[in-house]
Amino acid sequence: MNRKRVAVLISGRGSNMAALIDAAKDKTYPAEIVVVISNRPDAGGLMIARANGITTEVVDNTAFGKDRAAFERVLQALLEKHRVDIVCLAGFMRLLTAGFVKQRQHRILNIHPALLPAFKGLNTHKRVLEECVKIHGATVHFVVPELDSGPIILQGAVTVRAGDSEAALAARVLKIEHRIYPLALKLVAEDRVRVENGRCMIDGVAVPDAGQLAPDLP
Ligand code: GRF
């Protein structure tokens, strides 16, 4: 089997990255994590990646000031050096330019801690609680130039519980994230996800059973 070569881009603790690394330890998994790239030299995830024997690279964005294109040129060179097929953003806190995204159209995935298209942006759990939303979750989608938009690949849901704190809700959503991200990457790496008119089709179906996970819902 020709496993797809994946770069995981992080900025922080890297728990989603770790979930992808763990999934890829199985030799039958259709993707391998060939490099972890962080824009922050102090990202905790770098240590986890190294402990797992994964090559790490740091491209410190602060060295480039406001010059996004220059930052991305270095990023692009690294992706080429490691012959990367698919990029997974996992808590990567930099916006990518339209030019960069278009070069790798439908080859960059992101995970967002909310059921998109609701609650784009930051502080999703806090806003969900403020709005008394009943069902929350996480989404894996292809990256497009607009923030937290782009064709939805998979979603996982959790119920919001009475008395939930932001931290408790975040922890439950994170568990779901760790399940749907490896699943979504598997489907993409197996070339089972196609984008038609801006929507994902999995095995030719718009809303397949494989596209949703709601373990605590009846
Ligand atoms: C996750 O909640 C992810 O959905 C969001 O940023 C967070 C990253 O956490 N994009 P981690 O670094 O993967 O632990």
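When a ligand or atom number is given, it counts from 1 through the structure's own listing order. By convention here, the first residue in the shown sequence is residue 1.
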I want to know if ligand 1 touches [X] in the polar sense, i.e. an N/O pair below 3.5 angstrom.
X: I111; answer: yes
X: G14; answer: yes
X: S15; answer: yes

With heavy-atom distances below 4.5 Å as the criterion, would you say the side chains of [X] and [Y] are in contact?
X: I21; Y: I54; value: yes
X: V58; Y: T56; value: no
X: V87; Y: R107; value: no

Applying side chain to side chain contact (heavy atoms under 4.5 Å, CB included) between N39 and each of I10, L9, N61, report the one that passes. N61
Can you pull out the closest protein heavy atom to atom 8 (C) of ligand 1? Residue, atom name and distance to 0.1 Å, please. G91 CA, 3.6 Å
When distances are taken from atom 3 (C) of ligand 1, the protein heavy atom at minimum range is E177 OE1, 3.2 Å
Quick one: do R68 and E72 make a salt bridge, cutoff under 4.0 Å? no
Contact with ligand 1 for A138, non-hydrogen, under 4.0 angstrom: no
Does some non-hydrogen atom of I10 fall short of 4.0 Å from ligand 1? no
Could you check whether H82 and T55, counting side-chain N and O atoms only, form a donor-acceptor pair closer than 3.5 Å? no
Taking 4.0 angstrom as the limit and counting only heavy atoms of P113, give me the atoms of ligand 1 inside it, by number and element. 2 (O), 4 (O), 5 (C)
Contacting atoms of ligand 1, where contact means under 4.0 angstrom from a heavy atom of R13: 9 (O), 11 (P), 12 (O), 14 (O)
Output field: ring centroids H141/H112 closer than 6.0 Å: no
